[in-house]
Amino acid sequence: RFLPSLAGRDLVLTSDRSGQSWREGTLGPFDGGDSPAEDPLRNGRFLIVDVDNRFLYRFACYACSTAPARIWQLQGNAFVDVSHRPEFKPLHRRNLQRMAEWFQQKNPESANGFLAGYVANKALVGELYDGWDRMTQRYDASSDWGLKECKGELDDNGKCLGREVVYSSFPEALRAFLIDTGYIKPTGEQ
């Protein structure tokens, strides 16, 4: 059973096989409402499927952002992000099918917020280069949203306390973001 907590993190209750012994853990925070455990592949394995909140506000406004699915599995007492496992490609392909209509729009707003999630989704299904190519044809070069990044903590006023990085373009910033979040590997790594 999955319940929202009052502290902004999600409370997860799990039981042993008998259903007699229960324990609680936390996962999150999530954006929005509950994320109940589900069996999206209908194979008897219950998972928590939500969006990858790291994409929201990163390259565009919240409503203008698109995020790939983030899939969590309980292993022992801890939740593990299993989003990148090959068996979940069908879920990521469904997301790509929903995203396809965006490319039919003539002048979509906040292209970069959409394209960041799209390229990450393409990477999850092994089609990074195709996604990257489509992104380079459609991104908004005039937007500076997400081109400045703080590599460290922020103070109470939002001032960067660490090293601040300024990227020259959306593709450069997106590449760094996708490496930092594990969607792609740095050049030269296998």
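For the numbers below, each heavy atom of this structure counts, side chains included, while hydrogens, waters and symmetry mates do not.
- Take Phe88 and apply the ring pair (Phe, Tyr, Trp, His ring centres under 6.0 Å) test, not counting sequence neighbours, and it matches no residue.
- One hydrophobic cluster, built from ILVMFWY side chains closer than 4.5 Å, cannot hold both Leu154 and Tyr57; they sit in different ones.
- With sequence neighbours excluded, no residue satisfies side chain to side chain donor-acceptor pair (under 3.5 Å) with Glu164.
- The salt bridge (charged side-chain N to carboxylate O under 4.0 Å, His left out) analysis of residues 152-163, with sequence neighbours excluded, yields no pairs.
- Pairs passing the disulfide bond (SG atoms under 2.5 Å apart) check and including a residue from residues 135-179, sequence neighbours excluded, read Cys150-Cys160.
- The closest side-chain heavy-atom distance from Glu87 to Ile71 is not below 4.5 Å.
- Atom CG of Leu147 sits about 9.5 Å away from atom OH of Tyr167, to the nearest 0.5 Å.
- Scanning all heavy atoms of the two residues, the minimum distance from Ser65 to Ala60 falls at OG-O, 3.3 Å.
- Hydrophobic clustering (ILVMFWY, side-chain heavy atoms < 4.5 Å, transitive): Ile184 and Met135 are in one cluster.
- In this view, Gln137 and Asp133 satisfy the side chain to side chain donor-acceptor pair (under 3.5 Å) rule, not counting sequence neighbours.
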Distance-only donor-acceptor hits, side chain of residues 168-176, under 3.5 Å, sequence neighbours excluded:
unit_1, atom_1, unit_2, atom_2, d
Ser168, OG, Glu172, OE1, 2.6
Ser169, OG, Glu172, N, 3.3
Glu172, OE1, Ser168, N, 2.6
Arg175, NH2, Thr187, OG1, 2.6

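- Every residue was checked against the side chain to side chain donor-acceptor pair (under 3.5 Å) condition with Arg94, not counting sequence neighbours, and none meets it.
- Annotation: side chain of Leu178 is not in contact with side chain of Asp180 (no heavy-atom distance under 4.5 Å).
- Every residue two or more places apart in sequence or in another chain that forms a ring pair (Phe, Tyr, Trp, His ring centres under 6.0 Å) with Phe55 is listed here: Phe177, Tyr183.
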Under 3.5 Å donor-acceptor pairs involving side-chain atoms of residues 119-131, not counting sequence neighbours:
unit_1, atom_1, unit_2, atom_2, d
Lys122, NZ, Glu127, OE1, 2.6
Lys122, NZ, Asp130, OD2, 2.8
Glu127, OE2, Arg93, NH1, 3.0
Glu127, OE2, Arg93, NH2, 3.3

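- Across every non-hydrogen atom of Phe59 and Asn112, the tightest pair is CB-O, 3.9 Å.
- Every ring pair (Phe, Tyr, Trp, His ring centres under 6.0 Å) that Phe103 has, sequence neighbours left out, goes to Phe114, Tyr118.
- By the side chain to side chain donor-acceptor pair (under 3.5 Å) test, Lys148 is found to be paired with no residue, residues two or more places apart in sequence or in another chain being considered.
- Within the structure, salt bridge (charged side-chain N to carboxylate O under 4.0 Å, His left out) contacts touching residues 58-72 (residues at least two apart or in different chains) are Asp52-Arg70, Arg58-Glu149, Arg70-Asp81.
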